[in-house]
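Treat the numbers as computed from the prediction; the structure is a model and nothing was measured. Worth knowing before you read on, the calculation uses all heavy atoms, side chains too, and leaves out hydrogens, waters and symmetry mates.
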Amino acid sequence: MITITTLFENTAADGPLEAGMGLSFFLQGRGTSILFDTGSGPGLVRNAAALGVDLSETEFCVLSHSHYDHTRGYLSFLEAFGTGHTLVLHDHFFVKKYWLHEEGYTEYVGIPFTEEELMARDVHPILLHEPVTEIKEGTGIYIMGDILSLCDFEPVDPCQGMWKNGDYVHDPFDEEICLVIPSDEGATVISGCSHRGTVNTCETVKRRFNMPVRAFIGGTHLVAADESRIAKTIRYFETENIKFAGVCHCTGEEGLAAFREHCGCYSPVRCGSVIHVAE
């Protein structure tokens, strides 16, 4: 059994938990403990304490992509628990991310640290190059990157930008990674934002692991989607017979409302939610 505790999310369950823009999950099971994303500030550390989650047991910290609302809390985690963990990133992680506003100005929305600053604090991240990597031998928990563009209705949001070669350019999110937990019944996918597309992510898992997706947990980035894309995404979940849709964070109010109304496998995920993944 793998237990997934939601330490930080846009909304909170009942109790003294802090909610805010961002996402953070803590996974325990199969001989390891993984902090997946860290939210946008110190809330994950305080929420973990309130939930009785001991983050000092973290063996791996995996950051899904280079936006502040998934990475800023890492500094609070580092200050509270030190460097007794392994930080795992995609090798395209250290890029400067911007929101390209229609009005013509840019807003920095990237990570609050550089690779050099981390190394000065004795953090030496593992930078992944391969599309699929087992996080620790024998765990059967995998990190998947290089998400394929297979779906014709999931373009990356044109307002998402990055700084490259002295200019602002469209961000393809080459660094985005997710967790995949295969089982006899199918794969569980844990995603930060799915900027490359929720369907693209699931279809890439199906191809790489040769199995269906049975559960999807995390962000879908439907917050910027129109009704048609939201409906097609839900239809995909239904036709693929996905058993659990714990969509949250950047799914957006309209997306969440549509999942509640039209997706039979939808289950709300917020701060304090605990999900069990059976072997």
Side-chain angles (χ1 to χ4, degrees), residues 1-15 17 19-29 34-39 44 47-48 51 53 62 64-65 69-70 141-144 147 176-183 185-206 211-223 225 230 233-279:
M1 180 77 70
I2 297 176
T3 300
I4 304 172
T5 304
T6 309
L7 298 182
F8 199 80
E9 205 268 334
N10 299 42
T11 58
D14 294 337
L17 299 178
M21 185 66 175
L23 191 63
S24 179
F25 295 121
F26 190 63
L27 288 76
Q28 295 171 288
I34 304 167
L35 180 62
F36 181 77
D37 284 347
T38 60
L44 89 150
N47 285 351
L51 292 166
V53 173
V62 179
S64 66
H65 64 291
D69 53 331
H70 296 256
I141 301 174
Y142 296 86
I143 303 172
M144 188 187 80
I147 295 164
E176 190 151 17
I177 54 180
C178 64
L179 296 181
V180 181
I181 307 171
S183 76
E185 297 180 7
T188 295
V189 180
I190 303 168
S191 177
C193 264
S194 304
H195 287 282
R196 298 289 290 266
T198 303
V199 174
N200 281 330
T201 301
C202 292
E203 284 295 302
T204 302
V205 170
K206 286 173 60 180
M211 65 176 60
V213 172
R214 73 168 183 177
F216 183 96
I217 303 165
T220 63
H221 206 67
L222 292 174
V223 65
I230 293 171
T233 303
I234 292 172
R235 191 175 306 121
Y236 175 84
F237 275 65
E238 294 287 298
T239 57
E240 289 293 314
N241 199 28
I242 293 175
K243 303 297 185 182
F244 184 89
V247 299
C248 58
H249 175 44
C250 55
T251 301
E253 292 185 8
E254 292 183 6
L256 290 173
F259 267 90
R260 281 194 299 268
E261 185 174 353
H262 302 294
C263 186
C265 63
Y266 167 72
S267 182
V269 172
R270 52 179 68 96
C271 295
S273 296
V274 179
I275 303 164
H276 298 289
V277 178
E279 299 294 340

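- Ring pair H70/H65 is tilted by interplanar angle, where 30° to 60° counts as tilted.
- Taking the side chain as every heavy atom from C-beta outward, L179 and I143 approach each other to under 4.5 Å.
- The two atoms that bring F216 and S194 nearest to each other are CZ-OG, 3.4 Å, heavy atoms only.
- A pairwise comparison of heavy atoms in G219 and C250 identifies CA-SG, 3.7 Å as the closest pair.
- No option in K206, R214, R235 other than K206 meets the salt bridge (charged side-chain N to carboxylate O under 4.0 Å, His left out) test with E240.
- Between S273 and P268, the shortest heavy-atom distance links the atoms OG-O, 4.0 Å.
- A 4.5 Å side-chain heavy-atom check between T38 and F8 finds every atom pair outside the cut-off.
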### Query
Hey, mind stepping through V274 and L51 against side chain to side chain contact (heavy atoms under 4.5 Å, CB included) and telling me if it holds?
CA-CA 10 Å; V274 179; L51 292 166; over 6 Å; no
#### Entry: I181 vs I190, side chain to side chain contact (heavy atoms under 4.5 Å, CB included): CA-CA, chis, key distance, verdict
CA-CA 8 Å; I181 307 171; I190 303 168; 4.1 Å; yes
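- In this structure, Y266 and L256 have side chains that are in contact, with non-hydrogen atoms separated by less than 4.5 Å.
- The shortest distance between side-chain heavy atoms of I4 and F36 does not fall below 4.5 Å.
- Side chain of D37 to backbone of L23: no donor-acceptor contact under 3.5 angstrom is found.
- Closest approach of I234 to H262, counting heavy atoms only: CG2-O, 3.9 Å.
- F25 and C248 get closest at one heavy-atom pair: CZ-SG, 4.3 Å.
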### Task
Run the numbers on M144 and C178 for side chain to side chain contact (heavy atoms under 4.5 Å, CB included), then give the verdict.
CA-CA 5 Å; M144 188 187 80; C178 64; 3.8 Å; yes
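- Judged as a side chain to side chain contact (heavy atoms under 4.5 Å, CB included), and not counting sequence neighbours, the contacts of Q28 are F26, S33, E57.
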